[in-house]
Amino acid sequence: MVAPELFLEASAIHAWYGSSHVLHGIDLAIHRGQTVGLLGRNGMGKSTLIRTLLGHVAQREGHIAVLGADLSRARPHEMARRGVAYVPEGRGVFPNLTVRENLVMAARTPAQAGRPAARGWDMARVLQTFPRLAERMGHLGSQLSGGEQQMLSIGRALMTQPELIILDEATEGLAPLIVAEIWRVIASIRDDGIATLIVDRDYRKVLAHSDHALVLQKGRVVLAGAAQDLADSAELAAFLGV
Ligand SMILES: Nc1ncnc2c1ncn2[C@@H]1O[C@H](COP(=O)(O)OP(=O)(O)OP(=O)(O)O)[C@@H](O)[C@H]1O
Ligand SMILES: [Mg+2]
């Protein structure tokens, strides 16, 4: 079998908040269509790594490339243009816009996205995936439940015709039925051939849904490998404190 093409490659990533050195030389590779799980206890640098890759952390060093193009100093909108979509911790929907407006604002046609592999995620397909959103089209972002906001945030990401979706704690604080629905959608995104980088407190679910996983401890990768192998590793339990 031919290995899928390397989509995003990051090497020797460092990041700082002021004088606080948070990431200490992280390497990460995400191939096309691959799901990568990012694990680690609270405060170990998962969100910072994501935000650094996306260009949200100004004080950074290292090399970041998407399909071979050097994006080490790219701004967030440039990463978005390259097909990297972000579902942030805390969701990031526009509270003063309706569900419809939130989706329309994010929309790009496959032609606009300029990627032949774009999979044609349009409004109809997003609403089919999240029937709850279809019932809430005229509601403001601020009027939605936490679960609906999360679905809208994922729907917005899909509307950008991404090659990679980065999900930071997508199930945080949601009721079990909604959590199950979010995981179902993550699985269908994976089936669709879109790469994902997932952070979630439920490490078993992360591993079950990932091809590859890495564990961060104090801003360093301390364990990495095939998700199936990690699931059985005694070291994993030690690093996660479970
Ligand atoms: N904006 C910020 N300014 C200063 N320090 C920060 C900032 N954001 C995070 N940190 C610190 O950087 C370190 C890594 O935090 P980060 O949020 O990346 O961890 P995390 O693995 O995502 O944790 P969690 O599981 O709690 O989301 C922590 O020590 C945190 O306190
Ligand atoms: Mg975090």
Side-chain angles (χ1 to χ4, degrees), residues 33 35-38 47 50-51 54 56 76-77 79-115 117-202 205-206 208-210:
T35 300
V36 175
L38 182 57
S47 297
I50 286 171
R51 297 181 58 251
L54 290 159
H56 289 288
H77 65 87
M79 295 303 286
R81 209 174 62 76
R82 300 281 176 158
V84 182
Y86 179 33
V87 178
E89 211 175 0
R91 293 158 199 147
V93 308
F94 293 107
N96 301 325
L97 298 183
T98 64
V99 167
R100 181 187 300 281
E101 288 164 344
N102 265 280
L103 291 172
V104 167
M105 261 197 74
R108 275 186 298 183
T109 63
Q112 285 170 329
R115 286 184 296 280
R119 289 161 191 84
W121 277 93
D122 57 8
M123 182 80 81
R125 190 154 172 218
V126 167
L127 296 180
Q128 202 179 10
T129 304
F130 295 111
R132 269 162 189 272
L133 293 183
E135 296 163 15
R136 301 277 190 280
M137 289 297 270
H139 288 59
L140 297 177
S142 59
Q143 295 173 314
L144 302 178
S145 70
E148 290 162 354
Q149 287 186 28
Q150 191 64 61
M151 291 172 194
L152 180 54
S153 188
I154 298 173
R156 284 175 50 88
L158 288 165
M159 294 286 280
T160 68
Q161 314 295 336
E163 283 296 333
L164 167 65
I165 301 186
I166 300 182
L167 295 140
D168 194 356
E169 313 262 10
T171 67
E172 179 73 7
L174 302 181
L177 272 177
I178 309 291
V179 170
E181 190 168 350
I182 301 284
W183 282 113
R184 175 185 63 74
V185 170
I186 289 173
S188 71
I189 290 170
R190 184 185 187 188
D191 291 344
D192 207 38
I194 299 174
T196 42
L197 178 63
I198 323 175
V199 174
D200 196 276
R201 278 175 214 289
D202 187 342
K205 274 276 196 298
V206 170
H209 284 263
S210 298

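Note that CD of Glu169 and CD1 of Ile50 are 8.5 Å apart. Values are rounded to the nearest 0.5 Å. To the nearest 0.5 Å, the span separating CD1 on Ile194 from CD1 on Ile186 amounts to 12.0 Å. With values rounded to the nearest 0.5 angstrom, Leu140 atom CG is found 8.0 Å from Leu97 atom CG. Rounding to the nearest 0.5 angstrom, the gap separating the CD1 atom in Ile189 from the OG1 atom in Thr129 is 8.0 Å. Note that CE of Met151 and CG of Leu174 are 8.0 Å apart. Values are rounded to the nearest 0.5 Å. Put simply, CD on Gln149 and CG on Leu133 are 11.0 Å apart, with the number rounded to the nearest 0.5 Å.
For Thr160, the side-chain contact (heavy atoms from CB on, under 4.5 Å) partners are Ala85, Ala106, Arg108, Pro162, not counting sequence neighbours. Every residue meeting the side-chain contact (heavy atoms from CB on, under 4.5 Å) condition with Arg190, not counting sequence neighbours, appears here in chain and number order: Thr35, Asp211. For Asp192, the side chain to side chain donor-acceptor pair (under 3.5 Å) partners are Trp121, Arg125, not counting sequence neighbours. Shown here are the side-chain contact (heavy atoms from CB on, under 4.5 Å) partners of Ala195, two or more places apart in sequence or in another chain: Ile30, Leu164. A search for ring-ring contact (aromatic ring centres under 6.0 Å, His included) contacts involving Phe130 returns nothing, not counting sequence neighbours. Not counting sequence neighbours, Ser210 has no partner by the side chain to side chain donor-acceptor pair (under 3.5 Å) test. Take Arg136 and apply the side chain to side chain donor-acceptor pair (under 3.5 Å) test, not counting sequence neighbours, and it matches Glu148.
Listed for the Ser153 side chain is no donor-acceptor partner under 3.5 Å among the backbone atoms of Gln150. The backbone N or O of Thr98 lies less than 3.5 Å from a partner atom in the side chain of Glu101, making a donor-acceptor pair.
Among residue pairs with one or both ends in residues 170-187, those qualifying as side chain to side chain donor-acceptor pair (under 3.5 Å) are Thr171-Asp200, Glu172-Arg201, Glu181-Arg184; sequence neighbours excluded. Note on residues 84-111: pairs passing ring-ring contact (aromatic ring centres under 6.0 Å, His included), not counting sequence neighbours, are His56-Tyr86. Counting only residues at least two apart or in different chains, ring-ring contact (aromatic ring centres under 6.0 Å, His included) contacts with residues 140-177 are absent. For residues 140-164, no residue pair satisfies the ring-ring contact (aromatic ring centres under 6.0 Å, His included) rule, not counting sequence neighbours.
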Quiz item: How far apart are the C-alpha atoms of Ile198 and Val36, what are their side-chain angles, what is the distance that settles it, and do they pass the side chain to side chain contact (heavy atoms under 4.5 Å, CB included) test?
Solution: CA-CA 6 Å; Ile198 323 175; Val36 175; over 6 Å; no
